[in-house]
Amino acid sequence: MKIKDIVELLNARVIVGQDQLDSEVGMAFSSDLMSDVLTVETENLMLITGLANVQTIRTAEMSDINKIVFVRRKKVSDDMIRLADENDMILIECDYSMFKASGILYQSGVKPVY
Amino acid sequence: MHFEFQVEGGNFSKAGTASSQLKKILKQLNVDSRDIKRVVVALYEAEVNVVAHAYQGVIIIDIDTEKIRIRIEDEGPGIKDIDLAMQQGFSTASELVREMGFGAGMGLPNIKNNTDELTVTSEVGKGTNVHMLINFSI
Ligand SMILES: Nc1ncnc2c1ncn2[C@@H]1O[C@H](COP(=O)(O)OP(=O)(O)OP(=O)(O)O)[C@@H](O)[C@H]1O
Ligand SMILES: [Mg+2]
């Protein structure tokens, strides 16, 4: 599935990475806990989270995650945008709950890590 | 190659800058991406621990063609029972640290999981030293 499909399914907004709408997403992981995200070994994965701060971006950087969907109407800050830009990331804002966003994507074929 | 970085305790906005710089260095050295991930995840966990639990610290890194050795030495409260701290789920993290998405007691076990050698030593009231070694796979 492509980023542009995800944006449509989740009625979401791309904040960083407008030039990467054709980028492919195969697997996703949903968590607000960065300690958990750091234990995931799968590569090339999309993170779905309600935690919006600079450490979310740092954690993604270290974990080789370059696509993040922020759920629950969380807003991406300027510092987060700067850091995401430096790392070629895609940041998406979505008004749905984590459960709803994850459910829609799962049903549409995005695979879980485990 | 030798590098050193400073870490400020309590400053979450800067947590991870050393790990980020090391990641760039390892990429330039053409280290395998899976090895890079192991190294930077382990260092990031240790760096966040200094920010979350200590006052200040220094990161000392030595890289050769086969391996990377990292020492994180901090001034801080130290760890009373290291065996307990190494257990998954043990955490004394503050509310602030939890709000930042950390404090699940998973960092030290995750460092262990990503390194080939790990030694944690600590003196209560003085500080903590974390030494890790990762052998490159190719
Ligand atoms: N550098 C340090 N100085 C003092 N205490 C530390 C230090 N590193 C770890 N600790 C102690 O060991 C505990 C366990 O550390 P660990 O990294 O496993 O979990 P955490 O930092 O609490 O949570 P997480 O890593 O999941 O965000 C900490 O809660 C703290 O009590
Ligand atoms: Mg920790």
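Each chain gets a letter, A, B and so on, in the order its sequence line appears, and its residues count up from 1. Below, each value reflects all heavy atoms present in this structure, side chains not excepted, and no hydrogens, waters or symmetry copies. Just so we're clear, the structure is a prediction, and the values are computed from it rather than from any experiment.
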Looking at [X], I'd like to know if its [atom1] atom is crowded, meaning that more than 12 non-hydrogen atoms belonging to other residues, nucleotides or ligands lie closer than 6.0 Å.
X	atom1	answer
B:Glu4	CD	yes
B:Phe3	CZ	yes
B:Lys27	NZ	no
A:Arg13	CZ	yes
A:Glu24	CD	yes

What distance do [X] atom [atom1] and [Y] atom [atom2] have between them, rounded to the nearest 0.5 Å?
X	Y	atom1	atom2	result
A:Leu38	B:Phe102	CG	CZ	6.0 Å
B:Met100	A:Leu33	CE	CG	13.0 Å
B:Leu22	A:Met62	CG	CE	9.0 Å
B:Lys23	A:Asp64	NZ	CG	4.0 Å
A:Arg58	B:Glu47	CZ	CD	8.0 Å

Do you reckon [X] sits in the same ILVMFWY cluster as [Y], going by side-chain contacts under 4.5 Å, direct or chained?
X	Y	result
B:Val50	A:Val54	yes
A:Met98	A:Ile90	yes
B:Val120	B:Phe90	no
A:Val40	A:Met27	yes
A:Met34	B:Val97	yes

Provide the closest heavy-atom pair for [X] versus [Y] in the form atom of the first, atom of the second, distance.
X	Y	value
A:Asn53	B:Glu99	ND2-O, 4.0 Å
A:Glu43	B:Ser33	OE1-OG, 4.2 Å
B:Ser20	A:Glu61	OG-OE2, 2.6 Å

Query raised in the report: Side chain, backbone, both or neither: which part of A:Thr49 has an atom under 4.5 Å from a heavy atom of chain B?
Result: neither

Requested in this report: Measure distances from A:Asp36 to the heavy atoms of chain B and classify the residue's part below 4.5 Å as side chain, backbone, both or neither.
Outcome: both

Report summary line: Comparing B:Ser19, B:Gly103, B:Gly105 against chain A, the one with the most heavy-atom pairs below 4.5 Å turns out to be B:Ser19

**Report entry** Residues in residues 35-46 of chain B near chain A [non-hydrogen atoms, under 4.5 Å]
**Finding:** B:Lys37, B:Val40, B:Val41, B:Tyr44, B:Glu45

Query raised in the report: Heavy-atom distance under 4.5 Å between the side chains of A:Gln55 and B:Val51, does that happen here?
Result: no

Query raised in the report: So what's closer than 4.5 Å to chain A heavy atoms on B:Arg98: side chain, backbone, both or neither?
Result: neither

